[in-house]
Amino acid sequence: MSNSVNPTPVEETPGYDPSAIEQKWQESWKEAKTNVTDVANAPDPFYALMMFPYPSAEGLHVGNLFAFVGNDIYGRFQRLQGHNVFEPLGYDAFGIHSENYALKVGKHPMDLIPQNIANFRRQLERAGLMVDWTHSLSTTDPDYYRWTQWVFLQLLKQGLAYKKQAAVNWCPSCKTVLANEQVIGGACERCDTPVEQRFLSQWFFRISDYSARLLSNLDKLDWSETTKTAQRNWIGRSEGAELTFAVAGKSNESIRVFTTRPDTVFGATYLVMAPEHPLVPALTNSLYKSAVDQYLTRSAKQDVVARKSNTEKTGVFTGAHAINPATGKNIPIWISDYVLMEYGTGAIMAVPGHDERDFEFAQVFGLPIVRVVVGEGEDPSTQLTEAFTENERGIIVNSGEFDGTTVATAKRDIVTMLEQKGAGKPVVNYRLHDWCISRQRYWGPPIPIIYCDDHGAVPVPEKDLPVVLPYVDDFKPDDSGISPLARHEDWYRVPCPECGKMSRRETDVSDTFLDSAWYFLRYPSVGIDEVAFDAAITKKWLPVDSYIGGNEHAVLHLLYSRFITMVLSDMGIIDFEEPFTRFRAHGLIIRNGAKMSKSKGNVVIPDHYIEKWGADAFRTYLMFLGPFEEGGDFRDASISGVKRFLDRLWASVAVACDSATPDRPADEDVMRKLHQTIQKVGDDIPKLSYNTAVAAMMEYMNALRRGERTPSRAEVEPLVQLVSPFAPHIAEELWEKMGKTGSVFDARWPSYDPGLIAADKIDLVVQINGKTRGKLSVARDIGQDDAVVAALAEDSMAKFLSGEPKKIIFVPGRLL
RNA sequence: GCGGAAGUGGCGGAAUUGGUAGACGCGCUGGACUUAGGAUCCAGUGGAGAAAUCCGUGGGGGUUCGAGUCCCCCCUUUCGCACCA
C-alpha cells in the first residue's frame, strides 16, 4: 500500500495509510504536549474522567477501549468547545485479581504489574487517546497508597472506622473474607465457590450512617436513571416501625422487631429470632435447650448457600412466649434461619396471614393464622390458602378499633397507638451494611494501625506514611484466616507510636474498593508530595464534570466514592459532597451476537484491528456499532464501511485542496446539509449518541459526493473538525493539509447558521384517512387552505377521496 | 419472586412532542472500469404483486384522522437483587 500523502484524484485513491500518519501525530502530540493540561492555571477546567482499568496480563480488552474512546470523544468535544479538558488515566492494580493471577503464573505481583502497566500504556497510546500521561497513577505505587492509608486515618479520626468481631463471608478457595457485596447468590463473585461463615475481627467503615444522604442526594445528580435505581435498591430504604414485644414472665426482657406492616400487628401470632440473635440463650427454656442448641449448631455450620436454598422452612421453639402489645395475648417465640441477623433487629413478628414466608413457616409448624386484612368486599371468615399480601387497598379486620380502616391509615394509627403504650415507634430501615475493608491478603495497602498492649489500636502517625507493603516471596494466603504479612515478624514488629513499646502492625490490607474510592481526587494533584490532593487544584477541578464507566460498578464503586467524598466534605477538607456531577454507564460489546470469552476464542484484541484498519477507523467503528450506553455487536465485516468513509474523507479533502482544481463556490444544498450535520453532530455527542453522529457525517459525505461532483474547501473543512473527536489522527493530518497551523483540537468547533438549515421548500406529507398518499413540495410557510388546494390538484392524491374531505388536519410544515 | 431494560429487513442498528418506518453501515443484486478484483465507482435492495395496490416494528385488544411511539392483557430475551420482614 502506498503511504503517499500527495493528493490523488478521487477515482484512483485506494485509501489512506493510517499507520504513518497515526504514528506521526502521536509523536507530535507528545512533543508539543498537546494533551497535557496545565492543572494549576487552566481558566476553564473540564474534568472528563473514565473508570481506570485493572491492568491485566492479557492486555487491553476491546471493552476497555470502547469505554475509553467514548470518554475521549466527549473530552475532545469539550475541548473543541473551548474548555481546558483534563483527561487522566491510571491503573487500579491492587487486589485479588492481580494476586491470583500472579500466583497462577508463579510470578510476584510487584514484578508483574509494572510490565502489565507498560503494555497497557503502549496500547492506550496507540489508540490515540487525549490522555494527560503526566497525571497518571497506579494504586500500587507507595506515593499513591500512602494517601489511601491517609484516607483510612481520616475515617478513623471521625469515628467512622471501627473494628468488630463479625460473622464474615469466607471464601474457601480465595481464602479470604469477602464483603457482603462480593458474595453473589451465596458464592464468591470471583471464583463462584460457595461462601462459608467465619468469625474474624475486621475493620469496618460506617457507611450505613450515611444511608439517608446517599439516597436523597441521588435526586440531585445527573446520572443515568438505571444507575440511580440500582443505588436506591442497594441502599434499600424501607419505612416501617420498630415494635417492642415484652417477654412473658420476664419483665426485664423484651424483643424488638422491625416491620413494614405495623398495620398487621393484630395478626402477629408468633415471633421469630435469627439463630445468631443475642437474646437466644437467655430466652431459651431449659426444657427446650437441647433442641435449640442442636438447631443453632446446625445453622452455624451450614454455609450460606445451603441455608438460602432451603426449600422448606426450618426452625425450633424456644419454649418462651412474648406478649403481643396490640392484643395482649401470649405468642410463642421461635428461632429460624429465615430471619437474618444482619437486617432490621434480627427478629420479626410473624404475621402468617399476610406474609408469604411467615405463612409457609406457620404451615410447617402448625402455628395459628389470623386474618387481619381483606380485599374490598371480601368475607373475613374465608380460609386463607396463601398469604394475602395486598398492601394498598386492603381493609383492616379483626383488629379492634381499627377494623374497617384501610391499610394505609392503619399503618399510621396503629403505630401511634403502640407508641402511646411505649411499645413502638416509626422507623426507617436501610438494607445498606457497613463496609468491611479488611482483607486477609497480601496485594493491597497495609491498614495503618499498630496494636499496642497498653494503647490498643494506635493509628500510624500521618508523618510515618506510607506503611510500605514489603516485597515477600510467600504471599500466598493460607487457611488460617491470617494475612500472609502475619508471617513476617521483621515487618510487623514495630514500636508503639505512643509509648515505644514493641507492638504489632495490623497485618490485613484494605479492600481494593478503597483505592478506587478516592483516586479521582488524586489525579489533578499527581506530582504533589505534601498532600493527598492540593486544596486550590481540587477546588478548581472537582467535582468531576463527566464520569463514564461500566455498569458493573454502578453500585459499589460509585457508592463508596460518594461515601468517602461525603466524609471528607463533612471534615471540611473539600467543599462538595458528591464527586461526580454527571455519570453515564457505557454498554457492553459482544461479538457476533455472543459474549466474548477466552474459552470461546472470540475475544477482540484491539492491537490486531488497529494494525489492520488504523486507530481512527477502529475508534470510529467502535462508536458506530451501537448506542454507546447500550453497547453493541462487534462484527469484523462492518469495519470496512467506516474505513471507506475515512478514505472518502481523505480523498475529498485532497481534491478540494488540490491547487490544480480551481476553488468553487459552495453548493447551496450541500451547505444546508453541512449546517444540518454540524447541528446534528453537536447535539449528538453530548448525548453520547455517537452512532447517530457518525451516521450523520456519513450522510453528509454522501451528499458531498453525489453526482460525482467535486467538493469545495468550504464544504469539507468543517467536516474535518466534526470527525476529529472520533478520528483524531486523520483530522490533524487533513487540518495540516488544508494549510492550518496548530492542532485541530485548539481550533473551535464549527458553528451552524440556523437560517441556512431551514429550507424554503419543504416536503409536506399528505395523508388521507390516516394513510400516507404522497407528498407535496411546497413553500415552508404554506397555509392550510393553499395546501389543501395543492393536494387536491394532484391526481395521485385526489383519487383516494370519494368526495369533499370531511375533516382536515394540518400540521404546519409537516403534514396535511 | 422483586426490580430494571429490550423485542424493528438477511445482519448491526435509525426514527423530537404520536405525523413519509427501515436513516447510516454491513451483506446481497446488477452495471462501469479492469489481466485480475475480496480495490474503486454507479444503480438497486422490507415482503407480496405484472401493475394499481396491499401487508408490514414479538402476539392480541384499545385510544386516535393517524401508533414502532400512548393505554390494557399476554409471550420472549436479557441484566441486577434475592427469605430485607
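Letters go in sequence order (proteins before strands), and every chain restarts at 1. No hydrogens, no waters, no symmetry mates; every other heavy atom, side chains included, goes into these values. These numbers come from a predicted model, not from an experiment.
Across all strands shown, B:rG30 forms a Watson-Crick or G-U wobble pair, both distances under 3.5 Å, with B:rC42. Across all strands shown, B:rU64 has no partner, as no Watson-Crick or G-U wobble contact with both distances under 3.5 Å is found. Nucleotide B:rU17 is matched to nothing when pairs are restricted to Watson-Crick or G-U wobble geometry with both distances under 3.5 angstrom. Base pairing of B:rG1: its partner is B:rC81, meeting the Watson-Crick or G-U wobble criterion (both donor-acceptor distances under 3.5 Å). Figure legend. B:rU57 is base-paired to no nucleotide; pairs are counted as Watson-Crick or G-U wobble with both atom distances under 3.5 Å. Base pairing annotation: B:rA36 forms no Watson-Crick or G-U wobble pair, as no partner gives both donor-acceptor distances under 3.5 Å. Remark: B:rU76 base-pairs with B:rA6. Criterion, Watson-Crick or G-U wobble with two distances under 3.5 Å.
Figure legend: cation-pi geometry between A:Lys643 and A:Phe618 absent, as NZ or CZ is not positioned both under 6.0 Å from the six-membered ring centre and within 45° of its axis. For A:Lys313 and A:Tyr338, the positive end sits near the middle of the six-membered ring, less than 6.0 Å away and at most 45° from its axis.
Look at A:Arg431 and you won't find any side-chain N or O under 4.0 angstrom from OP1 or OP2 of B:rC81. In this model, the phosphate group of B:rG4 is not approached by any side-chain N or O of A:Arg232 to a distance below 4.0 Å at OP1 or OP2. Regarding contacts with the backbone of B:rA85, a side-chain N or O of A:Ser238 is found under 4.0 angstrom from either OP1 or OP2.
Two residues are said to be in side-chain contact when any heavy atoms from C-beta on lie closer than 4.5 Å; A:Tyr700 and A:Val681 fail this criterion.
Distance CD (A:Glu699) to P (B:rG25): 8 Å, rounded to an integer number of Å. Rounded to an integer number of Å, the gap from OH of A:Tyr700 to C1' of B:rA23 is 18 Å. One can place CE of A:Met698 at 13 Å from C1' of B:rA14, the figure rounded to the nearest angstrom. For A:Met701 and B:rG25, the CE to P distance is 11 Å, given to the nearest whole Å. The interatomic distance linking A:Leu559 (CG) with B:rC81 (P) rounds to 14 Å, in whole Å. In this structure, the NZ atom of A:Lys687 is 8 Å from the C1' atom of B:rU16, given to the nearest Å. Atom pair A:Ile639:CD1 and B:rG25:C1' shows a separation of 12 Å (rounding to whole Å applied). In this structure, A:His354 places its NE2 atom 15 Å from C1' of B:rA85, rounding to the nearest Å.
Nucleic acid contact class of A:Ala637 (heavy atoms, under 4.0 Å, all strands): sugar-phosphate only. Nucleic acid contact for A:Ile348: base, since at least one base atom lies under 4.0 Å from a heavy atom of the residue. Among the atoms of the strands shown, none is found under 4.0 Å from any heavy atom of A:Arg591. Residue-level contact check: A:Asn691 touches the backbone only, with heavy atoms under 4.0 Å from sugar-phosphate atoms and none from bases.
For the residue pair A:Tyr430/A:Ser208, the side-chain donor-acceptor check at 3.5 Å is not satisfied.
In the set B:rA5, B:rC26, B:rA85, the nucleotide with an atom closest to the side chain of A:Thr226 is B:rA5. Listed nucleotides B:rU40, B:rC83, B:rA15 differ in distance to A:Arg644; the shortest reach to its side chain belongs to B:rU40. Distances were taken from every side-chain heavy atom of A:Arg635 (C-beta onward) to each of B:rC11, B:rC24, B:rU40; the shortest belongs to B:rC11. Closest approach to the A:Phe624 side chain among B:rC83, B:rG12, B:rC81 is made by B:rG12 (side chain taken as heavy atoms from C-beta onward).
The residues A:Glu629 and A:Lys687 are annotated as not salt-bridged, no charged nitrogen and carboxylate oxygen being separated by less than 4.0 angstrom. With salt bridges taken as basic N to acidic carboxylate O contacts below 4.0 Å, none links A:Arg644 and A:Asp647.
When each of A:Phe258 and A:Ala696 is assigned the nucleotide of RNA chain B bearing its nearest heavy atom, the one mapping closer to the 5' terminus is A:Ala696. With the nearest nucleotide of RNA chain B identified for both A:Ala347 and A:Asn233, A:Asn233 has the one nearer the 5' end.
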key: Intermediate values then yes/no, ring-ring contact (aromatic ring centres under 6.0 Å, His included), A:Tyr609 and A:Phe634   = CA-CA 12 Å; A:Tyr609 289 88; A:Phe634 189 100; 5.2 Å; yes

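A distance of about 11 Å separates the C1' atoms of B:rG68 and B:rG22, rounded to the whole Å.
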